[in-house]
Amino acid sequence: MNNLKQILIYSMALTISCKEPIQKTGESADGFDYLAEQFADLRILRYQVPGFDSLNLNQKKLVYYLSQAALCGRDIVFDQNGKYNLAIRRTLENIYETYSGDRETEDFSNFMVYLKRIWFSNGIYHHYSADKFVPDFSEGYFNSLIENSDKSELPLKHGQSPEDLMHELIPVIFDPGVLPKKVCQDQNKDIVAGSAVNFYEGVSQPQVESFYNEMKNPQDPQPVSYGLNSKIMMKDGMIREVVWKMDGMYGEAIEQILFWLDKAQTVTETAGQAATIQKLIEYYKTGNLSAWDEYNILWVKDQKSLVDFINGFIETYDDPLGLKATWESVVNFRNNEATRRTEILSNHAQWFEDNSPVDDQFKKKEVKGVTAKVITVVQLGGECYPAAPLGINLPNADWIRKDYGSKSVTIENITYAYDQANLKTGFLEEFAADKEEIELARKYGFRAYNINIDLHECLGHGSGQMKPGVASDALKNYHAPVEETRADLFALYYIMDPIMEELGLLPTQDAAKAEYNRYIRNGLITQLVRILPGKDIEQAHMRNRQLIARWCLEKGRENNVIELISRAGKTFCRINDYDRLRLLFGELLREVQRIKSEGDYESAKKLVESYGVKVDKYLHEEVLSRYQKLNLSPYSGFINPELIPVEEEGEILDVEIRYPVDYAAQMMHYSRNYSFLPSYN
Ligand code: ZN
């Protein structure tokens, strides 16, 4: 649950105090072109991999093999995100490759935007809001595209004609009322039946709930993650669980992943890493969830290896019931220098736990193995591509976290790329309350923001404990926003603590002020740029950020802790009392930890629904109009570097890294070379 995805966009302070002059055309400090292109509400960025050349040959091979494995699961995510996604993607890619008509028209350009958006979202639902997006061209134009493309390459089912295919796909593509949401969160509806995500078929929410409730044993202190790697279907009047494994569903892609994991096995750095990969192979072969837990324990324990990776069905954000996991992969290696920073935090984890404002009964008596590191990403795959996480904290199973700890990472080459791409956008200048705020942000923003991520991932998620007997999924659909609220509050509470300077993590309390400014500004105002007019907030992280900011605005009103200012028709927010705000963060943290520890569903619901969901219509309109004038896109994703083995007589002598610039070319390269699943699974 802890995949800190896309926390920042422009809303982070976004500019490091750039001591070096800005050079060359890229408008970045190092001359690299971070921005590749921009369309719809998306920006495509590039990232560099500093330190790759200093890896030894074995490590480079390992990174290469794991990166291949990361690419082989791409189709799985498309299929999980909606059962028509692969057929739609292939139909559109076929047009892209073979259409013989005019490509210089507005219609064709709209077609390209639609295809690029599907690549970006791994399907037809917005990667962040989970709403279906529809094309800006007509059904008639779509038919003419098909007519003038090579029909022999269409993804037809046995006996299906191109007309049948169109008949099937057109409502899914064009009708906003058909399968409108990937994940339905409306509590007045059946959230299983109302979600288009391909985790369930022909079953209702009560059926699924009772299916898993029968499996669960509340007394089991080490429960497996029931339902994590399977689809639930109604077949012949019986509920059946179809497991994602080598000989099961998605087997064609999993076989390819296994091929590369086997190769990786031959070049591991440590015995711990070898055991980890071996266990992952066993899990993919059997689908056995105990093997998955054992793999996670081995993975947490492997601290020595420089190269690391995640690969599997991991995060459950896309399941309305929070059971089933979307496939993802990230390949990386440790940034030793920056890791010293997070080691300082994890070495003091017990101090942070003991001194937090949380009720003593909900504190961990002994914080185990919170390990944190800063990593350099080499490859993003599955749900982590192209929209990348900025930090990761795994594994998700509460009992493993309690008994074995967790690994927490901050992905600095990705955050750095965001930061560089955001220089000179004018966003900060538009939304910051005054010059002082801008200066603080420029001076300390990047550094303080990174510390906030470290605190959130390394300490926040790992803190606290459950009351005995409370199930970890007791908060149901409110689990994710509450969990993120908890981790954010832990970070916010401590970033202003004098210990930050004592430990040498921040140079002055002004840095924490810069982060408070950014956080509140984002939660109250700037994150609204991502919400379409008339919509509520649905995404867990966004709910949690507004929840915190609005709650503090309200509770601090009497003392004018946070002030909303109106100037020339524009709204700004200013923090008048940083110390009081910190106390409010502490107060809310205490309550949110109680809610989680006791599994208090009603309080979770009330808190999230009261502060995190509804938006102020007038403020929203104003913010969107100010944002529009900046001509920016609120979401970003990344083009992966390309790893090229240098071979002689079948032996890899070196692995070279290149940085492609063409987004569509990379997507087509992946679709041609790493697409292993049938169109319907
Ligand atoms: Zn998180």
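What's counted below: heavy atoms across the whole structure, side chains too, no hydrogens, waters or symmetry copies. As the structure lists them, so they are numbered: ligands from 1, and atoms in each ligand from 1.
- Glu484 contributes OE1 as its N, O or S atom closest to the Zn ion (ligand 1).
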Please walk me through it: do Glu343 and Arg340 pass salt bridge (charged side-chain N to carboxylate O under 4.0 Å, His left out)? CA-CA 5 Å; Glu343 275 169 359; Arg340 259 182 261 136; over 6 Å; no
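- Residues passing the side-chain hydrogen bond (donor to acceptor under 3.5 Å, both in side chains) test with Glu598, sequence neighbours excluded: Arg594.
- Using a cut-off of 2.8 Å, one finds that Glu483 contributes no N/O/S atom close to the Zn ion (ligand 1).
- The Zn ion (ligand 1) lies under 2.8 Å from an N, O or S atom belonging to His461.
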Would you please test Phe638 and Tyr418 for ring-ring contact (aromatic ring centres under 6.0 Å, His included) and show each step? CA-CA 10 Å; Phe638 291 87; Tyr418 272 114; 5.2 Å; yes
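- For Phe199, the ring pair (Phe, Tyr, Trp, His ring centres under 6.0 Å) partners are Trp244, not counting sequence neighbours.
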